[in-house]
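Below, each value reflects all heavy atoms present in this structure, side chains not excepted, and no hydrogens, waters or symmetry copies.
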Amino acid sequence: MAKRALRAGIDLGGTKIQAIVVDERHAVLGQARLPTPTAGGPDAVVRDLAASVRAACADAGAGLADLRGVGLGSPGSIDEAQGTVGGARNLPQWPGKPVPVARELAEALAVDAPVRVANDVDVATNAEFVLGAAADYASLLGVFWGTGVGGGLVLDGKPWNGRESAGEIGHMVVVRDGRRCPCGRRGCMEAYAGRAAMEARARHLHDDKRRKTVLFDIMRERGRDRLTSGIWFRAADRGDGLAVELLEEAVGAIAAATASAVNLLDPEAVVIGGGLGIRFGEPWVQKIREAMQPNLFRDDDPPAIELAALGDLGGALGAALLVA
Ligand SMILES: [Zn+2]
């Protein structure tokens, strides 16, 4: 059989590894999802990245030999030219020095095709810009509402990384001397809107302040050890007061930071994605739009504010674009 021109894309997250196999037209032919290993460091992560690609290929009815390239979106500090991942605090037992993940993954797969790695938020932003909700626009602010809140920028059709770390919308200050952020600073948007920070807040209010909530009951029912997007969604759906209060606080923080960024950059589009963003969907994007409105300098002509169109495959589609 002739070799097929397929590509693999992998989205490496703090909780899951999502791999896909796509064809020349970016159609998803196969996919696989594995939990991110919680121990074992880079060796375990690379092993499971390779396993996810093999499983996605099998799902697509293809072989590794059909792959023209493998792209990886990873958290941490990425050197694209070297193919290394360093300083990834969401990954298990990651060492201080950069890990040559691209080379190790190529060896684990034994593929004769390029393996490229880039920042996870950048690839997800690029996917929405090229294939998704911002495909008709020339500039984009991507806001990825998940465990943290990541941001990506495309200005005049080109990714904007600043000196390296532009787009950290989660660390825009929304309350001076405000709540402690997982990054260690105070008053960041993520301290109010990130899933991890919201969970810490919910635990504090439940355990120490005796606030009633079904959040932890749902977590136990579902056999989870953390408050996933799905658990927040179910609790809100049941009208849980604490969950709704924290979610609305998150919306307020996202709206304040995003409106400020829009006032500064005036992009044509804002795309809201991430685990919580995708899970809560358009009704909550509408809440963000409404909450942004009073803070928009140009309030008579706001940018398009859209839900991410590629859903939770956006990161993997963007990773596959690295080798398009
Ligand atoms: Zn922060």
| said: Between V123 and D11, does the side-chain contact (heavy atoms from CB on, under 4.5 Å) criterion hold? Intermediate values first, please. | reply: CA-CA 9 Å; V123 303; D11 183 16; 5.8 Å; no
| said: Could you go through R234 and E221, starting from their C-alpha distance and side-chain angles, then the distance that decides it, and tell me whether this counts as salt bridge (Lys or Arg N to Asp or Glu O under 4.0 Å)? | reply: CA-CA 12 Å; R234 284 183 182 83; E221 279 162 32; over 6 Å; no
Sidechain-backbone polar pair: [X] side chain, [Y] backbone, donor-acceptor under 3.5 Å:
{"X": "S139", "Y": "E268", "result": "yes"}
{"X": "E249", "Y": "Y192", "result": "no"}
{"X": "D59", "Y": "Q31", "result": "yes"}
{"X": "R7", "Y": "A320", "result": "yes"}
{"X": "R186", "Y": "G178", "result": "yes"}
{"X": "E306", "Y": "V271", "result": "no"}
{"X": "R238", "Y": "V214", "result": "no"}
{"X": "E199", "Y": "L227", "result": "yes"}
{"X": "E128", "Y": "A134", "result": "no"}
{"X": "W160", "Y": "A166", "result": "no"}

Spell out, yes or no, whether [X] and [Y] are grouped together once hydrophobic residues are joined by side-chain heavy atoms under 4.5 Å, including indirect joins.
{"X": "L29", "Y": "I20", "value": "no"}
{"X": "M292", "Y": "L140", "value": "no"}
{"X": "L322", "Y": "L109", "value": "no"}
{"X": "F129", "Y": "V22", "value": "yes"}
{"X": "L215", "Y": "W145", "value": "yes"}

Only distances under 3.5 Å count here; give the side-chain donor-acceptor pairs of residues 294-304 to other protein atoms, sequence neighbours excluded, each with its distance to 0.1 Å.
residue : atom : partner : partner atom : Å
R298    : NH2  : D301    : OD2          : 2.9

So which heavy atom on [X] is nearest to which on [Y], and how close?
{"X": "A113", "Y": "G69", "value": "CB-N, 3.8 Å"}
{"X": "I169", "Y": "V143", "value": "CD1-CG2, 4.1 Å"}
{"X": "L141", "Y": "A261", "value": "CD2-CB, 3.8 Å"}
{"X": "V174", "Y": "A253", "value": "CG1-O, 3.7 Å"}
{"X": "V121", "Y": "G152", "value": "CG1-N, 3.9 Å"}
{"X": "A106", "Y": "V115", "value": "CB-CG2, 3.7 Å"}

| When C188 is tested against each of H171, R180, R179, E168 for side chain to side chain contact (heavy atoms under 4.5 Å, CB included), which residue passes? |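 That would be H171; it is the only one of H171, R180, R179, E168 passing the side chain to side chain contact (heavy atoms under 4.5 Å, CB included) with C188.
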Measure the [atom1]-[atom2] distance between [X] and [Y] for me, rounded to the nearest 0.5 Å.
{"X": "E104", "Y": "T84", "atom1": "CD", "atom2": "OG1", "value": "10.5 Å"}
{"X": "H204", "Y": "K209", "atom1": "NE2", "atom2": "NZ", "value": "4.5 Å"}
{"X": "D79", "Y": "E164", "atom1": "CG", "atom2": "CD", "value": "8.5 Å"}
{"X": "N119", "Y": "E80", "atom1": "CG", "atom2": "CD", "value": "8.0 Å"}
{"X": "R195", "Y": "W232", "atom1": "CZ", "atom2": "CH2", "value": "9.0 Å"}
{"X": "Q18", "Y": "R33", "atom1": "CD", "atom2": "CZ", "value": "4.5 Å"}

| said: If you apply the rule side-chain contact (heavy atoms from CB on, under 4.5 Å), what do you find for L12 with L91, and how did you get there? | reply: CA-CA 9 Å; L12 170 59; L91 297 175; 3.9 Å; yes
Does any non-hydrogen side-chain atom of [Y] lie less than 4.5 Å from one of [X]?
{"X": "P37", "Y": "I17", "result": "yes"}
{"X": "S52", "Y": "I10", "result": "yes"}
{"X": "V45", "Y": "L49", "result": "yes"}
{"X": "L276", "Y": "S229", "result": "yes"}
{"X": "C57", "Y": "L67", "result": "yes"}
{"X": "M189", "Y": "I254", "result": "yes"}
{"X": "R279", "Y": "W284", "result": "no"}
{"X": "V285", "Y": "I305", "result": "yes"}

| query | Do the ring planes of F280 and F233 sit parallel (below 30°), tilted (30 to 60°) or perpendicular (above 60°)? | reply |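 Geometry flag for F233 against F280: perpendicular rings.
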| message | Is it true that, when you exclude R222 itself, more than 12 heavy atoms of the residues, nucleotides or ligands shown sit nearer than 6.0 Å to its CZ? | response |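 Open.
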| message | Take a 6.0 Å sphere around CG of D156 and say whether it holds more than 12 heavy atoms from other residues, nucleotides or ligands. | response |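 Counting other residues, nucleotides and ligands, CG of D156 stays at 12 neighbours or fewer.
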| NZ/NE/NH1/NH2 to OD/OE distance under 4.0 Å, E190 and R185 |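 Salt bridge absent between E190 and R185.
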| N-O pairing of K16 and D312 below 4.0 Å |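 The answer is no: the pair does not qualify as a salt bridge.
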| said: Working note: H26 + L321, criterion side-chain contact (heavy atoms from CB on, under 4.5 Å); need CA distance, chi angles, decisive distance, verdict. | reply: CA-CA 8 Å; H26 314 288; L321 283 173; 3.4 Å; yes
| message | Evaluate T125 against L153 for side-chain contact (heavy atoms from CB on, under 4.5 Å), listing each step before the verdict. | response | CA-CA 7 Å; T125 300; L153 284 168; over 6 Å; no
